[in-house]
Structure formats: structure tokens, C-alpha cells
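Structure record follows, encoded as C-alpha cells.
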Amino acid sequence: MDRYYDHKKIETKWQQLWEKESVFVVQEQTKQKKYYALCMFPYPSAAGLHVGHPESYTAVDIIARYHRHLGYNVLNPIGWDAFGLPAENYAIKVGVPPWETTAKSIDNFRRQIKSFGFSYDWSREISTADPNYYRWTQWLFLQMYKHGLAYKKKGKVNWCEHCQTVLANEQVINGQCERCQNEVRQKDLEQWFFKITDYAEELLSGLDMLDWPENIKLAQKNWIGKSVGAEIEFKIKNSVLSIKVFTTRPDTLYGATYIVLAPEHELIQSLESKIENKTEVNQYITATKKKSDLERISLNKEKTGVKLQGLKAINPANNKEIPVFIADYVLNTYGTGAIMAVPAHDERDWEFAKKYNLEIIQVIKPNSHKSTDLKNIQLYTAEGVLINSGEFNGLDSETAKQKITKKVNGKITTQYRLRDWLVSRQRYWGAPIPIIYCDDCGMMPVPEKDLPVLLPRDVDFKPTGQSPLVYSKIFHQVQCPKCGVSGQSVRREVDTMDTFVCSSWYFLRYCDPHNEQQAFSQEKVAYWLPVDLYIGGAEHAVLHLLYARFFTKALRDFGWLKISEPFLRLRNQGMILGEDNQKMSKSRGNVINPDEVVAEYGADTMRIYEMFMGPLEDTKPWSTSSIIGSRRFLEKLWLVVLEWLENNRPSVESKEMKKLVQQTIKKVSEDIVAIKFNTAISALMILVNFMAKEKSFSQESLHNLLVILNPFAPHITEELWQKIGNKDLLVTQPWPTWDKNLVQADSVTVAIQVNGKLRGSIEVSIDAKQSEVLSLAREQESIKKYISGKKVVKEIYVPGKIVNIVVID
RNA sequence: GCCGGGAUGGCGGAAUUGGCAGACGCGUUGGACUUAAAAUCCAAUGAGAGCAAUCUCGUGGGAGUUCGAUUCUCCCUCCCGGCACCA
């Protein structure tokens with residue numbers, strides 16, 4: 001046996017063998033329990049893998065391999081999220097078509113990923129840009145269409161001038177494009193939407209049963225933004241028209257002293273004849289239209305608005321006439337686009353009323369206040385007890401909400417901030433939307449038998465603000481599915497789908513990747529789903545993760561799935577920073593290339609190092625000097641086994657060794673389940689260090705060590721397993737169990753404190769009585785000097801842990 | 001502004017959830033081996049004081065609860081993330 005731990009030779013050998021023998025290729029086995037481990041599939045970029053990729057893949061691989069040892073039928077797939085803007089932009093930059101650049105990127109990613117020895121079932125590899133895949137993405141679009149969940153609508157949408165396309169709300173971050181950080185403007189366009197809002201309530205309530213990080217659940221909760229309130233109508237004086245407002249505080253209705261409409265509110269047109277200051281109003285509306293969302297947010301430190309002169313609304317609670325304003329702090333897209341302003345109890349209304357000198361009436365007082373100082377009105381936004389509210393005085397807010405809403409014939413309603421998902425894009429590199437327009441027959445879905453609608457290649461794919469598909473000749477050579485006419489009067493939809501549509505169902509396709517009749521067979525999906533563990537970046541909190549949940553629920557309602565939630569357990573990997581504690585980036589020059597790390601130290605070392613760096617979900621800096629520690633650990637293991645073989649397998653084993661092996665099995669098993677890989681590796685290091693010191697241990701102990709280390713470092717353990725004479729593969733060996741009695745020590749060291757300060761320690765048996773331990777403690781030389789001549793006030797003994805003697809002079 | 005997470009040696013991080021703070025690893029220092037270096041092995045390594053045994057301080061800062069606090073409560077500072085005029 002080689003004294004040198006030659007990682008290159010070993011890793012290549014086992015990777016080839018696993019692949020040749022299809023060790024990780026799986027089929028449905030009804031007799032066997034299944035486990036579906038999944039990492040978020042990568043977006044193949046020309047830059048290649050960064051060190052963050054293997055972090056999540058290794059974590060998933062450890063879990064997958066662990067469950068294989070436990071006897072599960074484990075599905076651990078991989079594929080490519082291949083469509084999308086960055087790939088297209090890169091293609092434009094280098095002047096090569098995106099299908100070529102993407103294919104190249106995928107080849108490179110595949111090579112890199114394979115070098116880590118992940119236990120993927122490569123026979124299930126998929127790419128979203130493959131017609132065999134996007135055919136079914138299109139089919140899913142048609143399902144959405146058929147069930148009324150896909151619709152086309154004209155309206156204000158987010159437009160990125162730089163990317164020359166519309167964007168979903170989820171892709172606009174602080175008024176900026178998620179991809180290029182350019183300002184997003186509002187544009188009136190006809191676009192395709194998925195009706196995700198139909199599922200708002202279920203997307204919210206479903207979160208409760210998921211084992212997901214709290215921050216992700218919270219982000220989704222905030223994004224869905226549920227609020228329960230009332231719709232209340234305010235009649236307009238001398239008009240048949242009325243203004244409907246939405247409020248979460250109907251209990252404050254008596255304090256509503258004016259109404260505010262969003263500048264875009266449609267009622268303004270109908271009321272035009274009554275408005276006396278039309279010019280001023282129109283100016284304000286035009287000015288608002290010009291502002292981007294970003295400006296509307298950042299400039300609105302100070303509120304602005306215009307009073308609609310000649311117009312009065314009537315407060316239905318007390319029939320008081322109140323003025324009507326338009327102001328851009330009210331959003332047309334939320335609620336009814338109109339609010340009742342209660343300046344005494346709402347911060348924004350307060351600010352506005354102060355500025356324009358409007359009436360402020362206090363109608364709620366805090367529960368605790370006995371007297372009310374009406375002269376000195378202060379902003380109070382919490383709930384409380386009603387005052388100045390006629391018959392409702394003295395009621396608490398909660399009760400008053402119901403009663404007042406009822407009195408004014410209001411309606412209790414629920415509002416969500418979530419908007420429908422805008423899925424059409426005016427870009428090339430995506431799945432074409434399968435719709436045909438015929439001048440005579442109108443808009444029609446492409447018949448399922450005609451799928452896929454192939455992405456044409458006879459185009460100049462540079463963005464022009466219209467989809468490049470407009471210019472393809474081949475693409476529009478199509479017959480109307482209804483009247484059979486072709487030519488100028490029949491055209492295809494030219495927009496492509498948001499890549500998030502492609503990634504909303506890939507975990508389903510993995511279950512049945514080669515099905516040519518269906519997107520997936522219901523039986524296969526029913527066997528594998530839900531995903532038992534899903535690991536990926538936190539940046540998808542409200543994007544992919546929300547969309548995939550929506551797809552799952554929609555497909556369930558279409559009858560294709562039996563489950564309601566796709567991912568039972570989710571964990572995020574933290575970002576790996578550069579050595580300078582900054583985000584890795586080409587411009588900073590702090591990027592670590594995983595290829596170099598694998599070449600120099602080996603895949604096993606890289607895997608161990610990345611898992612040992614710290615908790616998976618934490619952000620942590622890379623440290624090239626620290627990798628050596630993980631390498632030394634594996635080298636030490638290599639030499640321990642080597643010497644053990646050279647010394648003819650010395651099998652005399654100390655009691656401590658026996659115990660430590662048991663403790664390590666326990667610790668590693670528990671830590672894998674809890675995804676605490678850093679402490680699991682620490683325990684394995686302790687065991688290997690001890691074996692290196694003792695040099696003598698049983699064959700069984702070595703077997704156990706190799707099995708529990710295998711998920712972390714699969715190549716070296718497999719090699720050593722073979723070297724010590726095993727013929728079968730280590731990956732299929734059963735996971736060892738631990739002996740509860742052996743894990744427990746029979747005697748323990750108990751710390752002795754005097755007045756809370758550590759003054760000594762004693763060795764006692766695990767089941768020693770309190771009185772025994774205490775008298776032993778008092779007799780200790782180191783303790784005596786602290787307690788002699790003093791009065792013992794109290795003695796505490798925590799079994800097996802600590803003694804505390806409290807004394808006073 | 002609101003909500004969430006966090007702050008522990010020179011560095012990455014442990015700590016059975018109220019019980020010996022600093023496991024494990026990196027780094028550093030000293031020693032062994034070597035002509036020498038690398039590698040490896042052994043020892044030390046939170047700070048301060050002391051020849052020493054020992055002692056004092058110490059988990060962002062300040063208070064509190066407790067026999068005992070990195071852990072619980074309150075206040076403050078800083079960092080990271082989410083939402084942000086959502087009525």
C-alpha cells in the first residue's frame with residue numbers, strides 16, 4: 001500500500017467505478033422506503049462553478065449517502081436551469097448563439113460537478129432548454145390556461161430599459177431590476193400572467209407545516225401580505241357615485257376626516273365634470289405618472305396631494321361632509337385604490353393632515369388612560385377604547401370593528417399584497433409561449449399534439465424591446481388550429497416564458513425524466529414526492545420557492561399531484577466570502593476556483609473543508625491556509641489504516657477506544673440528521689486522532705469509522721474499505737448503531753464551585769448519591785481552604801455535572 | 001421606520017439549551033528528527049500578575065433574575081438579511 005495518499009488516483013478510480021456500475025441509478029421500489037434529496041439546480045454560467053455550489057451539493061450528498069446506508073431508496077438528481085437572461089446576455093456579448101454558449105457552460109459544469117464524486121443519478125440529468133423538457137413547460141402553461149390560471153391583460157407592468165423586457169414584481173428589488181440593477185419603469189403593456197393570487201391564502205397557511213428556516217417563511221409571509229379589514233362606501237355629495245375604501249381600522253371611522261384617492265383611480269375620470277380645479281389635478285396626475293416606483297418611494301419623505309375642489313364625500317358613520325384628495329401615497333394597486341384618512345390614528349394620514357391643515361379627530365384612547373385630554377391630540381396608532389364615536393363610545397377596537405362595519409353596510413374583506421405573476425418576457429432565450437393568434441378566430445392555445453413549439457434559430461437574438469421571435473420566418477409558419485388558415489393573418493405569440501416557470505416543476509420531471517407521453521407519470525411522482533430535503537440559496541425566498549409551491553398546488557387541483565407542498569424540509573447554505581471577508585467577485589480578485597482546490601487537495605478534502613468551515617447556513621470566509629487541516633485529517637486516517645495493516649491488524653482495543661467509537665457513531669448520526677456537519681467532522685477527527693495514538697483497535701471499530709465517514713469523504717473511505725480486504729462496496733454497507741450503555745461513562749468528573757467560582761473537581765461514579773458527592777467535595781484539600789471557618793448556607797449538586805457550595809463569613 | 005438573525009481567543013468556530021467557556025481545526029511559539037529546509041511528531045497557546053503552587057479578569061456595552069448566565073429579562077451600540085406610504 002502506498003504511503004502517499006494519492007487523491008487523484010483514488011478519486012478518479014472510484015468515480016469511474018460508480019458510474020460504470022450505475023451505483024446511484026435508482027428505480028421506484030415499492031418495498032423500500034424512498035428518500036428524495038435535492039439541491040437547487042445550477043444556472044450554468046460561462047464562469048464555471050464557484051465554491052458556493054459544492055457547499056450545498058456536498059450537504060445534500062451527505063444526506064443522500066447517509067440515507068442509502070440506512071437502507072432507503074435514494075433519489076439524488078441533478079440538472080441545468082439553462083434558459084435565462086444572463087446566458088442570453090453573455091451570448092450577445094461574445095457574439096455566439098446562446099444554445100452554443102449554454103451547451104458549453106453545461107459541459108464545463110458537468111465536468112466540475114463530477115469531480116466532486118456526488119452520488120447523483122446521472123441518468124436523470126435534465127436541461128430546461130432541451131425541447132424534450134420545455135415541451136412540457138409549454139404543456140404546463142396550457143394547463144394553466146385551460147384552468148383559467150393563465151391570462152393576458154393590459155396594464156401597468158415593470159419594464160427594464162436595459163434588459164428590454166418586463167419583469168415580475170418578485171424580480172424588482174427596491175425599484176431596480178434584479179439582474180442589472182437599472183431603474184425599473186412602469187409601462188402600459190399587454191402581458192401574460194399566472195393567477196398566483198388565487199392561492200394567496202393557501203400559500204400563506206401552508207407555511208405553518210413546513211420545516212423551513214424561519215426567515216424564509218417570514219419573507220414569504222411578508223410578500224403575500226395578508227390583511228383583514230373592511231370595505232366601506234362613502235357616498236359622493238350630489239352624485240350617484242360613491243367611493244369604496246379599504247381599511248383595517250373600521251373602528252376609527254368616526255375619525256375619518258377626508259378621503260384620498262390614488263392619482264390613477266378610475267373614478268377621477270367619471271367625476272371630472274364636478275372637479276373645479278381640473279388643471280391642477282391633471283398636472284398632479286401627469287407628474288405622478290412620470291415617476292418611477294423608485295422615485296415614488298424615495299421622494300415621498302414628504303407627502304404631496306391635491307384637493308378635488310367642488311367634491312365632498314359623506315362619512316357614512318355620522319353623515320359629515322368631508323373633502324376628497326388625490327395623493328400618490330395611496331397606491332392604486334392595493335385595496336380599492338382609495339382610503340379613508342384618519343389622521344389621529346394613522347401616521348401617514350397624520351403627516352398629510354398636518355401639512356394641509358386638515359381636521360383631526362381623536363376617536364380611540366389607550367385602554368389604560370382614564371381621562372382624555374382633547375385639547376392636546378397626539379398620534380395614537382394602536383387599538384384601544386372608542387371615544388367621540390356616538391353610540392359606539394366605550395367599546396374596544398375589536399368589537400367596534402365588527403359593529404361599525406355592520407352599521408354602515410360595509411363588508412369584511414381580506415387583502416393581499418401578492419400580485420399575479422407576470423410570466424411573459426420580450427427576450428429570446430426562454431420557452432416560447434404556446435399561443436396562436438388568428439385574425440378570424442382570435443387567440444388560441446397550441447394543440448398539445450403540436451408541442452413543443454420550438455424556439456427558432458433564424459433570429460437575431462439581440463433585444464429590441466420586442467421579442468426577437470417576431471423576426472423569425474420559420475416560427476410564424478403556422479396554421480390556425482381552428483380554421484386551418486395560414487399566412488399573414490395567423491401568427492404565434494412571440495414572448496417567451498420567465499425562466500422561473502421552467503424551474504417551478506423540474507423536481508417533478510426528475511421523477512420521470514425521459515417520459516415522452518407526459519410531463520411525468522402520476523405514479524412515479526406519487527412515489528418520490530415530496531422532496532424530503534431541499535438545499536439552496538436564500539435568494540429564492542420569494543421567487544422560485546413561492547412559484548414552485550404555487551405550481552404544486554395548481555397541479556394538485558388539476559388532478560396531477562396528490563401533495564400540496566413540494567419541499568418538506570428546506571435549508572439554505574450561507575454565502576462563502578473571499579479571504580478578505582468580502583463577497584467573491586472577479587473585480588475584487590478574491591475568487592477561489594474549485595478546480596484548483598480539487599486538483600491540489602482532492603475532492604474529499606474540499607468536501608470535508610467546506611462542511612467543517614462552520615454551520616451550513618452561516619456566511620463564512622474562505623481560508624486557503626485552513627484547508628490543510630482537512631487534508632491532514634485524511635492523510636492521518638490513511639496512515640493509521642496503513643500502519644494497522646503493516647502491524648498485522650492489532651485488534652486489542654482499550655475500553656476508552658470502544659467507548660469513543662460508540663460515542664462517535666452517536667454524535668455523527670445525530671449531527672447528520674440535524675445538519676450540523678461541522679461538529680460531526682470534529683467528532684470524526686477526535687476518533688481518528690485517538691486511533692493514531694493507540695494504534696490498536698478492532699476491525700469492527702475501523703469498519704464503523706469508514707462507514708460513518710463515507711458520506712463526507714466517499715473516495716478515500718471506499719479505497720481503504722477495499723484495502724482492508726472487503727469485496728463489496730462501502731456505499732451500500734449498513735449504518736452502524738450505537739450501544740447506549742457503552743456511550744455512557746461509568747464515572748464522571750464533577751466540578752466543584754464555592755460561591756459560583758470553580759475551585760476543584762472530583763471523580764465520582766455516575767450514580768453516586770448527593771450526600772456522598774457533597775461530603776467528598778467538602779473534604780477536598782482545594783475546597784477546604786475556601787470553606788473552613790465559614791458558614792455553609794447552601795449546597796447544590798447537579799448530578800454528574802457540578803457541585804456548588806455557598807458560604808458566608 | 002417595522003420585522004427577523006447575529007456579535008465568543010490572532011482566525012473559522014464549539015458549548016448536551018441555566019452548570020468546568022474556548023471542543024475541533026488554522027495560525028503562532030518552543031522542542032525532536034534533519035547538514036539544512038519541507039513534511040512529520042511532541043509540548044505550549046484567552047488576557048494580565050507571579051519563581052511557583054496559585055490568583056484576578058474574561059463570551060459587543062450597561063443593568064437585572066439566580067447558588068450559578070455565552071445561554072433568561074430589560075435598555076443601549078454595531079453588523080447582516082427581509083419588507084417598506086400595503087391603508
Side-chain angles (χ1 to χ4, degrees), chain A residues 173-175 213-223 225-227 229-230 245-249 252 256 260 262 296-298 300-301 303 327-331 333-342 345-349 351-352 381 415-418 538-539 541-542 572 574-575 579 581 608-609 612-615 617-630 632-633 635-636 639 667 670 676 678-686 689 692-693 749-761 782 785 793-807:
Chain A
I173 314 290
N174 287 327
E214 282 307 314
N215 59 327
I216 300 286
K217 288 208 231 180
L218 205 76
Q220 292 211 354
K221 204 177 151 191
N222 288 340
W223 189 259
K226 177 181 180 174
S227 45
V245 305
F246 173 74
T247 178
T248 53
R249 296 296 303 274
T252 64
V260 188
R296 235 168 122 160
I297 294 163
S298 58
N300 274 346
K301 295 289 173 218
K303 303 214 178 331
D328 66 3
Y329 81 91
V330 173
L331 307 171
T333 47
Y334 184 76
T336 60
I339 61 154
M340 63 177 214
V342 186
H345 305 290
D346 181 281
E347 217 173 306
R348 297 149 297 177
D349 300 343
E351 204 185 305
F352 192 79
T381 56
Q415 288 289 334
Y416 299 92
R417 271 187 9 222
L418 182 70
E539 67 275 15
V542 292
N572 297 125
M575 204 191 316
E579 297 213 61
N581 246 302
I608 293 273
Y609 172 65
F612 186 60
M613 286 170 84
E617 61 279 9
D618 282 13
T619 302
K620 42 211 175 282
W622 182 267
S623 168
T624 298
S625 66
S626 290
I627 304 170
I628 192 71
S630 303
R632 280 182 195 145
F633 164 57
E635 280 174 356
K636 186 176 277 182
L639 286 174
K667 175 80 178 149
E670 290 172 349
K676 287 163 73 177
N678 53 333
T679 47
I681 292 168
S682 158
L684 288 160
M685 285 172 168
I686 292 169
N689 286 344
K693 201 174 144 199
T749 311
V750 173
I752 308 166
Q753 296 183 334
V754 179
N755 286 349
K757 285 197 171 150
L758 183 69
R759 297 300 184 190
S761 65
S782 57
K785 67 177 179 189
V793 193
K794 200 169 182 180
E795 289 173 316
I796 292 129
Y797 174 54
V798 181
K801 278 176 185 163
I802 208 158
V803 169
N804 193 9
I805 303 169
V806 186
V807 295

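So you know, we letter chains A, B, ... as the sequences are listed, proteins then strands, and number each from 1.
The two atoms that bring A/S227 and A/Y334 nearest to each other are OG-OH, 2.7 Å, heavy atoms only. Taking both residues in full, the closest heavy atoms of A/V542 and A/A219 are given as CG1-O, 3.5 Å, listed atom of the first, atom of the second, then distance. A/N804 approaches A/G756 most closely through the heavy-atom pair OD1-N, 3.1 Å. Residues A/V807 and A/V754 approach most closely at CG2-CG1, 4.0 Å, considering heavy atoms.
The glycosidic torsion of B/G9 lies within 90° of 0, which places this base in the syn conformation. The glycosidic torsion of B/U17 lies within 90° of 0, placing the base in the syn range.
Looking at A/V803, A/I802, A/V806, A/I805 one by one, the single match for side chain to side chain contact (heavy atoms under 4.5 Å, CB included) with A/Q753 turns out to be A/I802.
Put simply, CZ on A/F633 is 16 Å from C1' on B/C26, counting in whole angstrom units. Atom NZ of A/K757 is separated from atom P of B/C20 by 16 Å (rounded to the nearest Å).
Of the candidates B/G27, B/C67, B/A87, the closest approach to any side-chain atom of A/V806 belongs to B/C67. Looking at the side chain of A/K794, the nearest of the listed nucleotides B/G19, B/A23, B/C67 is B/C67. In this structure, the nucleotide among B/U56, B/C83, B/C20 sitting nearest to the side chain of A/V542 is B/C83. Side chain of A/R759, nearest nucleotide from B/A87, B/C55, B/A84: B/C55. For A/R417, the side-chain atoms get nearest to B/C83 when compared with the rest of B/C83, B/A87, B/C67. Distance from the side chain of A/L218 is smallest for B/G4 among the nucleotides B/G19, B/U56, B/G4. Each of B/C41, B/C67, B/C26 was ranked by its minimum atom distance to the side chain of A/S625; first place goes to B/C26. For A/L758, whose side chain is taken as the heavy atoms from C-beta onward, the closest listed nucleotide among B/A87, B/U16, B/C20 is B/C20. Looking at the side chain of A/R632, the nearest of the listed nucleotides B/G27, B/U56, B/A84 is B/G27.
Between B/G50 and B/C42, the two C1' atoms lie 27 Å apart (nearest whole Å). Rounded to the nearest Å, the gap between the C1' atom of B/G60 and that of B/G6 is 11 Å. A gap of 28 Å separates the C1' atoms of B/U34 and B/G25, to the nearest Å. Nucleotides B/A84 and B/G46 are separated by 43 Å at their C1' atoms, to the nearest Å. B/U28 and B/C78 are spaced 30 Å apart, taking the C1' atom of each and rounding to whole Å. Taking the C1' atom of each, B/G13 and B/G27 are spaced 14 Å apart, rounded to whole Å. Nucleotides B/A21 and B/U71 are separated by 14 Å at their P atoms, to the nearest Å. Using C1' as the reference atom, B/G10 and B/U29 are 13 Å apart when rounded to the nearest Å.
Of the N and O atoms on the side chains of A/E347 and A/T381, not one donor lies less than 3.5 Å from an acceptor on the other residue.
Across all strands shown, A/S227 has heavy atoms under 4.0 Å from sugar-phosphate atoms exclusively, and none from any base.
The shortest distance between side-chain heavy atoms of A/E351 and A/Y329 does not fall below 4.5 Å.
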For RNA chain B, the dot-bracket pattern of Watson-Crick and G-U pairs whose distances stay under 3.5 Å, | for other-strand partners: (((((((..(((......[....)))((((((.......))))))((((....))))..(((((..]....))))))))))))....
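Remark: A/K221 NZ is loosely packed, at most 12 non-hydrogen atoms of other residues, nucleotides or ligands lying under 6.0 Å away.
Each of A/N755 and A/K226 has a nearest nucleotide on RNA chain B; the 5'-most of these lies closest to A/N755. Both A/T333 and A/E214 lie close to RNA chain B; mapped to their nearest nucleotides by heavy-atom distance, the more 5′-ward contact belongs to A/E214.
Under 4.0 angstrom from either OP1 or OP2 of B/G81 there lies no side-chain N or O belonging to A/N572.
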I need a per-nucleotide contact map over nucleotides 9-15 of chain B, read 5' to 3'. Cutoff is protein heavy atoms under 4.0 Å; write B for the base, S for backbone only, - otherwise. ---BSSS
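Taking CD of A/Q415 as the start and OG1 of A/T248 as the end, the distance is 10.5 Å to the nearest 0.5 Å. We find the CZ-OH distance between A/F633 and A/Y609 to be 15.5 Å, quoted to the nearest 0.5 Å.
Between the A/K303 side chain and the A/D349 main chain, no donor and acceptor come within less than 3.5 Å of each other.
Side-chain atoms of A/N222 stay outside donor-acceptor range of the base of B/C83, with no qualifying N/O pair under 3.5 Å.
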